[in-house]
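In this text, all values refer to a predicted model and were calculated from it rather than measured experimentally. Proteins get letters first, then strands, A, B, ... in listed order; numbering begins at 1 in each.
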Amino acid sequence: MSPADRYYVTTAIAYANNKPGLHTLYEVIGADAIARWHRMKGDETYFLTGTDEYSVNIATTAEKLGKTPKEFVDEMVVLFRAAENALLISPDRFIRTTDPDHVAAVHEMIRRAYASGDLRHGTYEGWYCPNEGFKAPSDLIQDASGMHCPNHPHATLQWLTERNWFFRLSAYQERLERYYAENPNWVQPEYRKNEMLSFIRSGLEDFSVSREGAPWGIPFPIREDGSSSQLPDGSWDPAAGTVYVWFDALTNYVTGVGFPADPDRFERFWPADLHVIGKDINRLHTIMWPAMLMSAGLALPREVWVHGHLLLQGERMSKSLGNFLDPIDVVGSLGADGARYVTLREVAFDRDTDVSWDSFVRRYNADLANDFGNLVNRTVSMTNRYFEGVRQEPGPGGVLAAAWETAAAAYRQKFDCLLLHEALAALWEFVGAANKQVETEQPWTLAKAMKAGDAEAEARLRAVLGDLVEACRLVALAAAPFIPTAAPRALTQLGYEYPYGADGNGGPALLDELRWGAHAAEAGRVTIAEPLFPRLESEPTTPAAG
RNA sequence: GGCUGGGUAGCUCAGUGGCAGAGCAAGCGGCUCAUAAUCGCUAGGUCGUUGGUUCAAAUCCAACCCCAGCUACCA
């Protein structure tokens with residue numbers, strides 16, 4: 001693992017058909033923590049997230065509401081951005097597939113695929129469910145009255161035939177297998193890679209990359225004879241159709257870093273270091289997308305991380321089922337820091353996890369209010385009470401200094417392999433050690449002895465409180481990517497400057513700051529102790545499902 | 001149906017041949033710096049089922065039950 005001087009991380013762009021649920025923003029919160037971690041470490045970091053706005057369904061929904069598709073998605077994007085702001089998401093760009101520069105990028109990708117001989121014209125046909133689009137026969141139910149969609153049994157299925165452009169995915173089977181063999185860690189977790197590998201080995205078919213009769217999309221830039229479909233007035237011939245939404249959506253990752261208009265920036269940031277995606281779109285990202293990039297002569301992303309889903313009572317959270325948590329409600333109850341921490345601590349980043357309002361509140365109270373928040377509170381209070389607020393110096397070689405070495409190494413290791421929940425667990429083990437240290441040393445007993453003139457007790461008390469302040473400083477800084485506003489508040493209470501910007505940029509290299517005793521020599525005063533994370537008494541407002 | 005992973009304490013999970021573990025939740029006790037917090041102790045499990053291998057099985061093997069994922073064009 002070489003120390004990268006730049007880091008490019010993306011999330012999947014969210015389908016802008018409805019307001020976002022916590023399950024949609026889950027990966028964005030995770031990617032945001034990852035981006036902040038890299039910014040604080042000093043990497044030149046670029047974090048891209050955004051919305052996917054073209055599709056037949058969106059056009060249909062907009063029409064039902066009496067709006068143009070663009071009016072409709074503009075409204076949705078306001079909701080997405082509001083939710084991201086509430087969660088303190090810090091993208092360097094919020095990309096929309098309706099952004100003007102994205103059209104140029106998609107067109108360039110199409111032209112390159114064509115130039116590589118990977119586009120051919122053909123016919124696509126199959127059963128079409130008016131609610132879900134084309135369905136594979138294996139996903140349908142056949143009975144005496146014909147074929148039915150299992151999710152919409154009363155809808156009449158149509159057998160549709162379309163003239164489409166096809167991408168020669170079949171030509172990439174060997175190249176993909178080789179890439180997987182030469183880059184064994186490029187899809188993580190491992191079992192997600194294996195699923196894709198077995199899919200590749202089972203044989204790849206070409207997929208269509210254009211649509212007729214779907215006007216809400218990026219115009220297909222070439223005609224059947226290979227000539228440009230641009231008309232003299234600059235517009236595009238509707239008869240050429242539109243680009244299949246997934247070809248368009250995937251391309252956002254290169255648009256976001258300047259493809260093709262800004263070659264310097266693109267050169268700097270491509271290939272992406274990490275795509276964070278959900279398991280439902282794994283194949284698109286680890287089979288189709290790399291083939292598209294190979295065809296365009298572009299490098300492949302270094303890693304794709306496939307996270308699981310949030311479940312509510314065993315069922316996948318989804319907007320269509322109505323069983324989802326509204327991120328605005330969660331932030332309202334737990335605060336932005338609390339919502340971020342609890343989501344990333346409670347949900348395993350590598351698999352599905354059942355969550356509940358109860359589990360969120362329990363985690364908030366246990367980890368944030370009781371363990372860490374209270375540790376800072378008692379440390380600051382004791383420093384005020386026993387030393388009039390004068391911050392004491394941490395010593396080398398103490399119990400906590402040693403515990404920190406172990407915890408920090410485990411935290412970094414888990415973070416680097418993106419097991420974010422385990423990284424936090426490792427850090428909180430150290431919080432537990434610090435609380436235990438308070439009981440072991442009993443500062444209040446030492447304080448009485450100090451008052452009675454016991455110089456040895458005074459030295460001991462100074463050392464204990466110095467170590468505790470240092471423990472709080474280190475945890476706050478290490479956890480800052482997860483709790484970006486609580487971290488500076490904690491540092492302020494401890495009497496330290498917080499040297500990073502609101503998005504984690506600026507400031508010294510984090511790993512230097514995370515050395516035990518990095519600021520030992522600096523004099524300072526703690527401030528008044530104020531609870532960082534007020535305890536939630538009972539279940540507050542249970543956000544109504546739906 | 002095929003392939004893959006899983007079923008361990010009330011909950012979430014760790015544990016790949018040697019006395020069943022952690023965190024949270026529960027009960028009891030200690031302490032008083034602190035946000036009724038914290039620290040200690042206790043309780044709680046036929047390790048999915050049945051059979052097999054072995055001195056010894058949560059762990060290895062077989063069968064079965066249950067759950068999840070993958071098995072190509074909604075995004």
Whole angstroms only, please: what is the [atom1]-[atom2] distance between [X] and [N]?
{"X": "A:Phe372", "N": "B:rC24", "atom1": "CZ", "atom2": "C1'", "answer": "20 Å"}
{"X": "A:Ile281", "N": "B:rA72", "atom1": "CD1", "atom2": "P", "answer": "18 Å"}
{"X": "A:Met292", "N": "B:rC73", "atom1": "CE", "atom2": "C1'", "answer": "13 Å"}
{"X": "A:Leu197", "N": "B:rA72", "atom1": "CG", "atom2": "P", "answer": "16 Å"}
{"X": "A:Lys436", "N": "B:rG40", "atom1": "NZ", "atom2": "C1'", "answer": "9 Å"}
{"X": "A:Trp428", "N": "B:rG23", "atom1": "CH2", "atom2": "P", "answer": "17 Å"}
{"X": "A:Arg363", "N": "B:rC24", "atom1": "CZ", "atom2": "C1'", "answer": "7 Å"}
{"X": "A:Leu176", "N": "B:rA72", "atom1": "CG", "atom2": "C1'", "answer": "14 Å"}

For nucleotides 67-70 of chain B, give me every protein contact, N/O to N/O, under 3.5 Å, one pair per line with atom names.
| unit_1 | atom_1 | unit_2 | atom_2 | d |
| --- | --- | --- | --- | --- |
| B:rG69 | O2' | A:Arg192 | NH1 | 2.8 |
| B:rG69 | O2' | A:Glu195 | OE1 | 3.3 |
| B:rG69 | O2' | A:Glu195 | OE2 | 2.5 |

Distance-only polar pair, side chains of A:Tyr172 and A:Asp118, donor-acceptor under 3.5 Å: yes
Any idea which of [options] is nearest the [X] side chain?
{"X": "A:Arg535", "options": "B:rC73, B:rU38, B:rU35", "value": "B:rU35"}
{"X": "A:Asp371", "options": "B:rC73, B:rU38, B:rC24", "value": "B:rU38"}
{"X": "A:Arg378", "options": "B:rC24, B:rC33, B:rA72", "value": "B:rC33"}

With sequence neighbours excluded, residues passing ring-ring contact (aromatic ring centres under 6.0 Å, His included) with A:Phe207: A:Phe167
With sequence neighbours excluded, residues passing ring-ring contact (aromatic ring centres under 6.0 Å, His included) with A:Tyr341: A:Trp428
Pairing nucleotide - [N], Watson-Crick or G-U, each distance under 3.5 Å:
{"N": "B:rG21", "answer": "B:rC13"}
{"N": "B:rG40", "answer": "B:rC28"}
{"N": "B:rA57", "answer": "none"}
{"N": "B:rU35", "answer": "none"}
{"N": "B:rC3", "answer": "B:rG69"}
{"N": "B:rC64", "answer": "B:rG48"}

NA contact type, [X], heavy-atom cut-off 4.0 Å: base, sugar-phosphate, or nothing?
{"X": "A:Asn377", "result": "base"}
{"X": "A:Leu532", "result": "base"}
{"X": "A:Gly203", "result": "base"}

Euclidean distance for C1', B:rC13 against B:rG30 (whole angstrom): 30 Å
Aromatic-base stack, A:Trp444 on B:rC33, cutoff 5.5 Å, angle under 30: yes
Criterion ring pair (Phe, Tyr, Trp, His ring centres under 6.0 Å) against A:Phe220, the qualifying member of A:Tyr244, A:Trp165, A:Phe247: A:Trp165
A:Glu75 atom CD, over 12 foreign heavy atoms within 6.0 Å: yes
N/O donor-acceptor pair under 3.5 Å between A:Asn384 side chain and A:Val380 backbone: yes
